[in-house]
Amino acid sequence: MTESRIRTVVEAIHSSSFQAVMHLAGGASQTVGSLLSVPGASNTVLEVVVPYSKMSLIQLLGKIPSQFCSQQTAEDMALLAYNRALKLSTPGSPVVGVGFTGSLASSRPKLGEHRLYMSTRTADQLWISRVTLTKGLRTREEEDGVSSHLLIKAIADACKIRAASISVLSESDVSDESVTQFSEDQQLEQLINGQICFKIYPFANEIPAERKIIMPGSFNPLHDGHLKLMEVATRICGDGYPCFEISAVNADKPPLSVSQIKDRVKQFEKVGKTVIISNQPYFYKKAELFPGSAFVIGADTAVRLINPKYYDGNYNTMLKILIGCKETGCTFLVGGRNVDGAFKVLDDIDVPEELKDMFVSIPAEQFRMDISSTELRNRSGM
């Protein structure tokens with residue numbers, strides 16, 4: 001591609017709603033300069049990681065790959081990048097994870113092929129490409145340029161941008177690619193199995209905001225008390241993107257089935273509210289998934305949250321874990337609830353001094369509803 005054509009493609013990428021995390025090893029370094037040098041890069045680029053040494057790549061992957069430059073490694077890098085992009089993205093924005101690993105020309109002659117593998121992962125698609133470059137045809141810088149051009153086009157394709165197909169490959173180069181599409185059911189299965197960390201259904205027409213206001217729960221069923229509490233919490237926060245959150249994986253019960261998840265999601269579609277399906281039942285893991293978020297909880301949940309009983313009976317373990325949540329920038333907005341037969345608010349709970357600034361009270365005069373989803377199910381005979 002010509003430089004002007006690259007710029008045009010990059011401008012289109014930045015104008016799309018997609019946000020990306022890229023993991024690049026062994027080449028395609030010019031991709032980063034091309035993306036960051038065009039205005040609007042902050043709309044697209046969330047993070048770029050270059051695990052150039054073998055040890056760096058091992059730490060990124062969490063394992064020793066059978067081959068450092070391989071299709072599987074590129075696919076693993078893209079999936080990790082996709083999950084990282086979910087955590088860093090603006091709520092509701094589609095994300096793409098990009099993986100690249102190459103074995104290009106170097107200062108010493110290579111015995112094997114000059115090859116590269118690229119992969120992009122979006123919510124509903126996995127794309128993989130292998131390219132073998134003709135040895136001796138190009139310098140290292142030229143091979144890096146070719147791989148960078150190919151990767152920019154791959155990112156454009158993932159962002160659903162139709163980039164003109166201008167080949168940078170010679171007739172002697174070899175290229176092949178494959179695409180796998182994922183249905184909603186397959187995406188939810190991947191979530192339950194831990195391959196992807198969460199799936200967001202952005203039903204609400206909310207103004208984008210980096211900070212999420214998250215109300216976790218089973219929402220079986222969703223009721224007016226949940227909606228009212230979220231309204232009040234959003235008002236207290238001042239700004240933020242309100243999201244309800246359901247964990248498909250429960251600490252004490254079997255995971256929800258795909259059909260159960262879809263039934264609960266329909267409730268939020270009917271009322272036009274955003275819901276996130278995650279696979280983390282524990283708050284300290286939710287804090288890692290949604291850094292900087294404000295979690296909306298009831299006083300009954302707050303009591304359990306600071307009870308050492310749920311941390312193997314160890315007070316110091318409880319303190320350490322919750323300080324870790326605090327360090328992610330998370331806070332807890334606490335609404336009044338019945339606890340052991342009595343209505344309690346945050347002031348009635350003995351929160352450790354080290355954690356007090358992480359908890360914010362929702363005044364009872366602004367919100368009070370004693371009914372629970374369990375009581376509603378019992379009343380309706382569900």
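Since we're looking at a predicted model, the values are computed, not measured.
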*asked:* Is any side-chain heavy atom of Ile362 closer than 4.5 Å to one of Val345?
replied: no

*Is the backbone N or O of Gln195 less than 3.5 Å from a side-chain atom of Gln190, with the two atoms forming a donor-acceptor pair by type?*
no

*asked:* How long is the straight-line distance from OG1 of Thr101 back to CD of Glu75, given to the nearest 0.5 Å?
replied: 13.5 Å

_Worked check of salt bridge (Lys or Arg N to Asp or Glu O under 4.0 Å) between Asp173 and Arg115_ = CA-CA 10 Å; Asp173 298 325; Arg115 66 193 192 282; over 6 Å; no

*Is it true that Glu353 and Lys356 make a salt bridge, defined as a side-chain N closer than 4.0 Å to a carboxylate O?*
yes

*Taking C-beta and beyond as the side chain, do Leu24 and Leu151 meet within less than 4.5 Å on heavy atoms?*
yes

*Under-4.0 Å salt bridge between Asp76 and Arg121*: no

*Identify the heavy atoms of Asp144 and Ala28 that sit nearest to each other, and give their distance.*
OD1-N, 3.0 Å

*State yes or no: are the ring centers of His226 and Phe219 separated by less than 6.0 Å?*
yes

*Is there a donor-acceptor pair under 3.5 Å between the side chain of His114 and the backbone N or O of Leu104?*
no

*Within the distance-only criterion (no hydrogens, no angle test), does the side chain of Gln366 pair as donor or acceptor with the backbone N or O of Pro363 below 3.5 angstrom?*
no

*What about Leu88 and Val98, same hydrophobic cluster or not, with Ile/Leu/Val/Met/Phe/Trp/Tyr joined at side-chain heavy-atom distances under 4.5 Å?*
no

*Backbone of Gly33 reached by a side-chain donor or acceptor of Ser37 within 3.5 Å*: yes

*Can you tell me if CD on Gln181 sees more than 12 non-hydrogen neighbours from other groups inside 6.0 Å?*
yes

*Between Met118 and Leu150, is any pair of side-chain heavy atoms under 4.5 Å apart?*
yes

Under 3.5 Å, sequence neighbours excluded: what are the donor-acceptor pairs made by side chains of residues 316-327?
unit_1: Thr317; atom_1: OG1; unit_2: Asn314; atom_2: OD1; d: 3.4
unit_1: Lys326; atom_1: NZ; unit_2: Glu354; atom_2: O; d: 2.9
unit_1: Lys326; atom_1: NZ; unit_2: Asp357; atom_2: OD1; d: 2.9
unit_1: Lys326; atom_1: NZ; unit_2: Asp357; atom_2: OD2; d: 3.4

*Do Leu36 and Val9 belong together in a cluster built from hydrophobic side chains that touch within less than 4.5 Å?*
yes

_Distance, nearest 0.5 Å, that separates OG of Ser178 from CG of Leu126_ = 7.0 Å

*Which pair of non-hydrogen atoms, one from Arg264 and one from Ile246, has the smallest distance, and what is that distance?*
CB-CD1, 4.0 Å

*Between atom CG of Leu46 and atom NZ of Lys87, what is the distance when rounded to the nearest 0.5 Å?*
13.0 Å

_Ile297 side chain near Leu333 side chain, heavy-atom distance below 4.5 Å_ = no

*Can any side-chain N or O of Lys286 pair as donor or acceptor with the backbone N or O of Gln280 at less than 3.5 Å?*
yes

_As an exercise, state the distance from OG of Ser34 to CD of Gln30, rounded to the nearest 0.5 Å._
7.0 Å

*Is the side chain of Ser247 donor-acceptor paired with the backbone N or O of Asn250 at a distance under 3.5 Å, no angle test?*
no

*Side-chain contact, heavy-atom cut-off 4.5 Å: Leu79 with Ile196?*
yes

*Compute both the distance and the angle, then confirm whether Lys199 meets the cation-pi test with Tyr201: under 6.0 Å from the six-membered ring centre, within 45 degrees of the axis.*
yes

*Lys/Arg-Asp/Glu bridge criterion (N-O < 4.0 Å) met for Glu177, Arg130*: no

*asked:* Tell me whether Arg84 is salt-bridged to Glu47, with the criterion being a basic N under 4.0 Å from an acidic carboxylate O.
replied: yes

*For Pro91 and Tyr241, which heavy atoms make the closest approach, and how far apart are they?*
CB-CD2, 3.3 Å

*With hydrophobic residues grouped by side-chain heavy-atom distances under 4.5 Å, do Met215 and Phe359 end up in a single group?*
yes

*Neighbour count >12 (heavy atoms, 6.0 Å) for atom NZ, Lys135*: yes

*Between Lys285 and Glu288, does at least one N-O distance fall below 4.0 Å, as a salt bridge requires?*
yes

*Is it the case that more than 12 heavy atoms not belonging to Lys54 sit under 6.0 Å from its NZ atom?*
no

*With a 4.5 Å limit on heavy-atom distance, are the side chains of Phe367 and Glu231 in contact?*
no

*Are Val303 and Tyr315 grouped together when hydrophobic residues (ILVMFWY) are joined by side-chain heavy atoms under 4.5 angstrom apart?*
yes

*Would you say Ser70's side chain and Ser66's backbone share a donor-acceptor pair under 3.5 angstrom?*
no

*Is the shortest distance from a Lys or Arg side-chain nitrogen in Glu3 or Arg7 to a carboxylate oxygen in the other one below 4.0 Å?*
no

*Please test Leu222 against Phe268 for side chain to side chain contact (heavy atoms under 4.5 Å, CB included), starting from the C-alpha separation and ending with a verdict.*
CA-CA 8 Å; Leu222 174 69; Phe268 296 92; 3.8 Å; yes

*Using a side-chain heavy atom cutoff under 4.5 Å and only I, L, V, M, F, W and Y, what cluster partners does Val249 have?*
none

_Check whether Gln19 reaches the backbone of Ser93 with its side chain - one donor and one acceptor, N or O, closer than 3.5 Å._
no

*So Phe100 and Met22, side chain to side chain contact (heavy atoms under 4.5 Å, CB included) or not? Walk me through it.*
CA-CA 8 Å; Phe100 177 96; Met22 297 184 289; over 6 Å; no

*Hey, are the side chains of Phe198 and Leu289 touching, using non-hydrogen atoms and a 4.5 Å cut-off?*
yes

*Say you draw a straight line from CD1 of Ile200 to OG of Ser89; how long is it, rounded to the nearest 0.5 Å?*
7.0 Å

*From the options Leu35, Val21, Val32, Ile13, select the one residue that forms a side chain to side chain contact (heavy atoms under 4.5 Å, CB included) with Val45.*
Leu35

_Heavy-atom pair with the smallest gap, counting every atom of Leu137 and Glu142_ = O-OE1, 4.4 Å

*Among the clusters formed by ILVMFWY side chains lying less than 4.5 Å apart, do Tyr117 and Leu169 turn up in the same one?*
no

*Report, as yes or no, whether the 6.0 Å neighbourhood of atom CG on Asp176 holds more than 12 heavy atoms from other residues, nucleotides or ligands.*
yes

_Within-4.5 Å side-chain heavy-atom neighbours: Leu229 and Val296_ = yes

*Closest approach of Gly292 and Cys330, non-hydrogen atoms and distance?*
N-SG, 3.8 Å

_Atom pair CD (Gln267) and NZ (Lys262), whose distance is rounded to the nearest 0.5 Å_ = 15.0 Å

*May I have the step-by-step check of side chain to side chain contact (heavy atoms under 4.5 Å, CB included) for Cys243 and Met230, ending in yes or no?*
CA-CA 9 Å; Cys243 307; Met230 179 61 92; 5.6 Å; no

_Donor-acceptor contact present, side-chain Thr31 to main-chain His149, <3.5 Å_ = no

*Give a yes or no answer on whether the side chain of Asn279 reaches the backbone of Leu191 with a donor-acceptor pair at less than 3.5 Å.*
yes

*Please name the pair of heavy atoms, one in Ser175 and one in Val131, separated by the smallest distance, quoted to 0.1 Å.*
OG-CG2, 3.8 Å

*Partner set under ring pair (Phe, Tyr, Trp, His ring centres under 6.0 Å) for Phe283, not counting sequence neighbours*: Phe295, Phe332

*Could you please spell out the steps behind the side chain to side chain contact (heavy atoms under 4.5 Å, CB included) verdict for Phe18 and Ile161?*
CA-CA 11 Å; Phe18 278 80; Ile161 295 162; over 6 Å; no

